Participant: 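Questions regarding the structure given below will be posed in turn.
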Amino acid sequence: MATDASTTYHAPDFHSVTPKTTSVTETHDGLEFWQFMISGSIAGSVEHMAMFPIDTLKTRMQALGGSGGSYPVQHIGVRQAFSSILKLEGAAGLYRGIGAMGIGAGPAHAVYFSVYELFKEFFSRGDPNNPAVHAVSGVCATVASDAVITPMDMVKQRLQLKCSPYKGVADCVKRVLVEEGIGSFYASYRTTVIMNAPFTAVHFATYEAAKKGLMEVDPERVSDDESLVVHATAGAVAGALAAAVTTPLDVVKTQLQCQGVCGCDRFSSGSIGNVFKTIVRKDGYRGLIRGWIPRMMFHAPAAAICWSTYEASKSFFQRLNDSDDHNNQMIND
């Protein structure tokens, strides 16, 4: 994602890193496109695997609104949901569906981060520290990555449900294809994009602003633009804020992906407005923020993990490229 040079952001170079003798043409990042993809893939996989139990709690709490017929559902807290899963299903219940996320997270985040860097390079010419550029680039990235992750996210959420009728990832994919058709895998895509567009815009803009502010607080460390503490802290702030703002749309997404499973309502259309009205009618406006606590609990540390892992992976490739440059220089000499 982003790195600093003093307190400003410099767009990456997706071409081969030039030797030090011609470093005038080298940008700050100095990485090739495939290196951004691998860094993003590693970051996304680590993030989702580490935080998966919290995601399970969020899904359970949000899916409650899809059961119970026309009666309001009982609100349960994070502690109650956690205790219930451990008591009835054991620790394994917190990780049900992790295989689907393992399959989808890597490729989706490879697309996410590389598209973000690509569009930021394109849009930031002349003003590399413009927050609007970060936000627009993030929205472009999420539209592309959501097309990759949405099918596996649907499988993951159906497996996370209590008393899920599916034996595993393969069984879920097969049965959904046969019983509901391939369109069911993308039933929530529109909602996901509409949710993630503002989420990503808020996330990236907040991340860049928080990172810049943190670097200015400690001027002595301004030159340490790879500080994992700065990236993790800024990422946590950005993740928490973006998660809180977009919780209602996340509830709608969960309802659409889990419809017809384990007693969850099946909607006559994939209209966001229709789902909104159904939730409000059954559970009031409170139903639209169900699961906001575990959602923030997920995204704050998840963003910190993701950003710091991404920057650490980029630093590895930067050192690798520097080593190659040095070796090439020695050969040329």
Side-chain angles (χ1 to χ4, degrees), residues 41 44-68 73 81-82 84-86 88-112 142 145-193 195-196 249-270 272 275 278 290-291 294-295 298 302:
S41 180
S45 297
V46 172
E47 167 198 355
H48 284 284
M49 298 302 105
M51 300 305 301
F52 195 84
I54 305 299
D55 185 61
T56 298
L57 292 176
K58 184 213 69 164
T59 297
R60 291 286 183 93
M61 293 175 69
Q62 290 181 338
L64 283 174
S67 59
V73 299
F82 180 71
S84 177
I85 293 175
L86 287 182
L88 300 177
E89 305 169 54
L94 294 170
Y95 290 92
R96 183 171 170 82
I98 195 171
M101 188 49 60
I103 294 171
H109 279 73
V111 172
Y112 185 88
T142 199
S145 65
D146 284 345
V148 179
I149 193 64
T150 295
M152 282 297 103
D153 189 56
M154 185 273 284
V155 172
K156 178 215 61 165
Q157 288 203 307
R158 290 197 177 196
L159 290 171
Q160 286 176 320
L161 294 176
K162 181 180 179 181
C163 302
S164 174
Y166 307 108
K167 298 178 182 179
V169 175
D171 180 56
C172 182
V173 171
K174 181 179 179 180
R175 289 178 58 179
V176 170
L177 278 174
V178 173
E179 298 171 8
E180 304 175 44
I182 193 171
S184 294
F185 289 103
Y186 284 94
S188 68
Y189 178 67
R190 180 173 57 182
T191 304
T192 301
V193 170
M195 173 188 72
N196 282 340
L249 285 167
D250 190 54
V251 174
V252 172
K253 186 204 74 170
T254 298
Q255 296 274 322
L256 284 171
Q257 293 192 153
C258 297
Q259 59 179 315
V261 182
C262 298
C264 294
D265 289 334
R266 181 173 293 281
F267 300 96
S268 58
S269 72
I272 296 175
V275 180
T278 301
R290 185 184 295 107
R295 179 165 164 79
F298 174 91

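These figures come from a predicted structure and were not determined experimentally.
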Participant: Should we count CG of Leu88 as having more than 12 external heavy atoms under 6.0 Å?
Facilitator: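 Check passes, neighbour count above 12.
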
Participant: Please name the pair of heavy atoms, one in Val169 and one in Ala100, separated by the smallest distance, quoted to 0.1 Å.
Facilitator: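 That would be CG2-N, 3.5 Å.
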
Participant: Does the plane of the ring in His48 sit parallel, tilted or perpendicular to the ring in Phe298? Use 30° and 60° as the thresholds.
Facilitator: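 Ring orientation of His48 relative to Phe298: tilted.
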
Participant: Going by salt bridge (charged side-chain N to carboxylate O under 4.0 Å, His left out), name the pairs with one or both residues in residues 169-181, residues two or more places apart or in two chains.
Facilitator: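 Salt bridge (charged side-chain N to carboxylate O under 4.0 Å, His left out) check on residues 169-181 returns Arg158-Glu180, Asp171-Arg175, Arg175-Glu179.
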
Participant: Out of Asp153, Thr192, Asn196, Thr191, which one pairs with Lys253 under the side chain to side chain donor-acceptor pair (under 3.5 Å) rule?
Facilitator: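 Passing option: Asp153.
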
Participant: Measuring only between side-chain heavy atoms, which start at C-beta, is Thr278 closer than 4.5 Å to Gln255?
Facilitator: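 The answer is no; the side chains never approach within 4.5 Å.
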
Participant: How about Asp55 and Gln160: do any of their side-chain heavy atoms sit closer than 4.5 Å?
Facilitator: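 The answer is yes, as the side chains (C-beta and beyond) meet within the 4.5 Å cut-off.
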
Participant: Are the side chains of Gln257 and Val155 in touch, meaning some heavy atoms are under 4.5 Å apart?
Facilitator: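 Not touching, per the 4.5 Å side-chain cut-off.
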
Participant: Could you state the interatomic distance from OG (Ser188) to CE (Met154), rounded to the nearest 0.5 Å?
Facilitator: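 Separation between the atoms: 8.0 Å.
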
Participant: Do the non-hydrogen side-chain atoms of Leu86 and Leu94 ever get within less than 4.5 Å of each other?
Facilitator: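 The answer is yes; the side chains approach within 4.5 Å.
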
Participant: For a 4.5 angstrom cut-off between non-hydrogen side-chain atoms, does Gln259 reach Val275?
Facilitator: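 They are not in contact (no side-chain heavy atoms under 4.5 Å apart), so the answer is no.
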
Participant: Could you check whether any side-chain heavy atom of Tyr112 comes within less than 4.5 Å of a side-chain heavy atom of Thr142, counting everything from C-beta outward?
Facilitator: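 Counting from C-beta outward, Tyr112 and Thr142 do come under 4.5 Å.
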
Participant: Kindly compute the distance separating CZ (Arg295) from CD (Gln62), expressed to the nearest 0.5 Å.
Facilitator: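 Reported to 0.5 Å precision, the distance equals 7.0 Å.
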
Participant: Shortest non-hydrogen contact from Ala108 to Ser145?
Facilitator: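 It is O-CB, 3.3 Å.
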
Participant: Tell me the closest heavy-atom pair linking Met61 and Ala81, and the distance in Å.
Facilitator: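 Result for this residue pair: CG-CB, 4.2 Å.
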
Participant: Quick one: CE on Met101 to CD1 on Ile149, what's the gap to the nearest 0.5 Å?
Facilitator: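 So the CE of Met101 and the CD1 of Ile149 are separated by 4.5 Å.
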
Participant: Taking the side chain as every heavy atom from C-beta outward, state whether Lys58 and Gln157 have any pair of such atoms under 4.5 Å apart.
Facilitator: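 Sidechains of Gln157 and Lys58: in contact.
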
Participant: Counting only N and O atoms by type, is there a donor-acceptor contact under 3.5 Å from the side chain of Tyr186 to the main-chain atoms of Ala147?
Facilitator: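 Confirmed, Tyr186 side chain pairs with Ala147 backbone.
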
Participant: Tyr189: which residues meet the side chain to side chain donor-acceptor pair (under 3.5 Å) condition with it, sequence neighbours left out?
Facilitator: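 If we apply the side chain to side chain donor-acceptor pair (under 3.5 Å) test to Tyr189, skipping adjacent residues, there are no hits.
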
Participant: Enter the distance from Met195:CE to Asp250:CG here, rounded to the nearest 0.5 Å.
Facilitator: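 It is 4.5 Å, given to the nearest 0.5 Å.
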
Participant: Under 3.5 Å, is there a donor-acceptor pair between the side chain of Ser45 and the main chain of Ser41?
Facilitator: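 Yes, Ser45 side chain to Ser41 backbone: donor-acceptor pair under 3.5 Å.
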
Participant: Answer yes or no: does atom CZ of Phe267 have more than 12 heavy-atom neighbours from other residues, nucleotides or ligands under 6.0 Å?
Facilitator: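 Enclosed: over 12 neighbouring heavy atoms sit under 6.0 Å from CZ of Phe267.
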
Participant: Give, for atom OG1 of Thr56 and atom CG of Leu161, the distance between the pair rounded to the nearest 0.5 Å.
Facilitator: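 So the OG1 of Thr56 and the CG of Leu161 are separated by 10.0 Å.
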
Participant: Measure across Ser184 and Val176 and return the closest heavy-atom pair with its distance rounded to 0.1 Å.
Facilitator: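 Looks like CB-CG1, 3.8 Å.
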
Participant: When you look at Val173 and Met152, which way does the side-chain contact (heavy atoms from CB on, under 4.5 Å) test go after all the steps?
Facilitator: CA-CA 9 Å; Val173 171; Met152 282 297 103; 4.0 Å; yes

Participant: Measure across Val193 and Asp146 and return the closest heavy-atom pair with its distance rounded to 0.1 Å.
Facilitator: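 Where Val193 meets Asp146 most closely, the heavy atoms are CA-OD2, 3.7 Å.
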
Participant: Just so I know, are the side chains of Tyr166 and Val261 near enough to count as touching, which here means a heavy-atom distance under 4.5 Å?
Facilitator: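 Yes, side chains in contact.
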
